[in-house]
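The figures here come from the full heavy-atom set of this structure, side chains too, leaving out hydrogens, waters and symmetry mates. We're numbering straight along the sequence, starting at 1.
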Amino acid sequence: MTTPPFDIRTLSGEEELRAALVLFRRCLHGNPPSDEDWPLAYGSFDQATVLGAYDDSGVIGTLTANSSVIALPGGKVVPMDAVSRVGVRSDRTRRGLLSAIMRAHLAGTSAPIATLRATEGVIYRRYGYGVATRSRTTKLDFAKARLHDRAPVAGDVRLVQDKEEIKRLMPELLRRFGTAHPGGIIMSDGFWNMVLHRQNGSPGLVVHEDGFAAYGVKEIPGETYAYAMRVGHMFAAIPAARATLLKFLLGIDLVRHAEFDGRPVDEDLELLLVDPRAVHYSDYEDETWLRLVDVPAALAARVYGDAEPVVIEVVDDLLPANSGRYRIGPDGAERTDQAAQLRLGVADLGAAYLGDRPMSQYAAAGLVEVLDEAALPAADRLFLLDRAPWCGTYF
């Protein structure tokens with residue numbers, strides 16, 4: 001039998017949710033949650049809808065959609081599904097099951113936008129997801145790194161090192177600062193309780209009135225009183241908060257170097273330092289994969305730059321109601337009967353939606369069909385931001 005029948009339904013109760021999580025972890029060649037770990041994992045479903053696909057052998061596929069929000073260009077924050085824990089049992093792959101689960105989620109959600117973090121880069125374009133934000137790793141050599149005298153340091157910071165207080169404060173701080181940047185999201189308290197309980201090493205949390213940084217410090221193997229720092233989260237609502245947090249981190253004794261995970265691609269920390277060679281950037285990665293579930297609502301929700309309006313034609317084979325032509329200008333976006341100037345698929349519109357790259361770059365790569373050459377410069381100015389979008393939260 002090549003295509004077994006199956007049913008897809010919303011899961012409820014600990015038994016069904018645990019079975020779905022076991023399946024997902026096995027898809028990643030991981031271990032099922034232990035009895036000790038399960039309460040935290042169960043709590044991470046506190047604002048989630050979980051789909052399960054079943055046949056006569058039990059659960060064979062799953063998807064979790066966490067109810068979240070995302071910050072858009074212009075500052076508006078709208079509902080968003082953070083899609084995670086997607087998996088199909090290895091003896092049921094390549095039979096259309098994943099497509100059916102993805103369709104069931106997209107047809108059933110009321111959120112205008114969905115995002116995910118992709119385990120593989122070739123899977124999710126077929127479901128309308130495009131890379132809307134990217135990140136990179138930043139490494140600092142503490143022997144060379146020192147802020148210059150004109151760095152905009154301002155305000156006091158408070159250091160928290162008690163693990164339980166860090167666990168209590170982090171979700172609150174992320175609700176406050178997580179959407180300060182276009183592309184930022186807010187995950188649930190249950191999600192963060194699970195993540196923070198897994199962290200190892202000596203933790204630290206430094207809080208500024210306009211931002212915070214969470215980090216861990218570990219001894220460097222083979223060396224005495226020499227430590228490496230890993231900064232897992234740093235959010236700053238204003239430049240002064242970033243400079244002040246950085247000054248504090250650079251002042252921690254015995255640390256040789258620090259690695260900042262998943263930073264914005266346009267965050268130039270070397271501009272704050274006396275020696276710019278103290279900074280090294282590496283590991284550029286795709287971050288947010290974004291899917292416009294309701295194209296009219298999503299296009300109308302963000303703010304655009306100052307340029308002549310452009311008419312784009314969107315093609316969405318999975319959700320045909322989204323297909324059509326849209327007039328986009330400084331005053332907003334709406335459906336139109338006017339002739340299209342640019343044509344693109346919904347995955348490429350999702351990639352361009354937050355302004356990560358100019359529309360002309362997608363056109364040069366063959367991802368946008370140009371019907372009117374004059375529209376490209378205007379589209380660049382309409383969609384592009386003065387800073388790169390960024391999320392900073394992995395889920």
Atom pairs and distances, side-chain donor-acceptor, residues 228-236, under 3.5 Å, sequence neighbours left out:
from, atom 1, to, atom 2, distance (Å)
R230, NE, D261, OD1, 3.4
R230, NE, D261, OD2, 2.5
R230, NH2, D261, OD2, 3.0

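For Y353, there are no ring pair (Phe, Tyr, Trp, His ring centres under 6.0 Å) partners at least two apart in sequence or on another chain. Listed by chain and residue number, W38 satisfy the ring pair (Phe, Tyr, Trp, His ring centres under 6.0 Å) test with Y42 (two or more places apart in sequence, or in another chain). Every residue two or more places apart in sequence or in another chain was checked for a side chain to side chain donor-acceptor pair (under 3.5 Å) with E120, and none qualifies.
Both tests do not hold together for R95 against F6: distance to the six-membered ring centre under 6.0 Å, angle to the ring axis within 45°.
Between the side chain of T109 and the backbone N or O of A111, at least one donor-acceptor pair lies under 3.5 Å. A distance-only check finds a donor-acceptor pair linking the side chain of S68 to the backbone of I186 [under 3.5 Å]. A donor-acceptor pair under 3.5 Å is absent between the side-chain atoms of R25 and the main chain of G30, judged by distance alone.
Aromatic ring pairs are classed by plane angle as parallel below 30°, tilted from 30° to 60° and perpendicular above 60°; the pair Y124 and Y129 is perpendicular.
Checked for salt-bridge contact, K139 and D283 miss the test: no charged N lies under 4.0 Å from a carboxylate O. Ion pairing of D37 with R198 is absent here, as no side-chain N (NZ or NE/NH1/NH2) approaches a carboxylate O to less than 4.0 Å.
Among residues at least two apart or in separate chains, salt bridge (Lys or Arg N to Asp or Glu O under 4.0 Å) pairs with a member in residues 5-19 are R9-E16, R18-D35.
Between the side chains of T133 and E287, at least one donor N or O lies within less than 3.5 Å of an accepting N or O.
The hydrophobic cluster containing I238, built from Ile/Leu/Val/Met/Phe/Trp/Tyr side-chain heavy atoms closer than 4.5 Å, comprises no other residue.
Of the candidates D266, D356, D286, D356 is the only one forming a salt bridge (charged side-chain N to carboxylate O under 4.0 Å, His left out) with R134.
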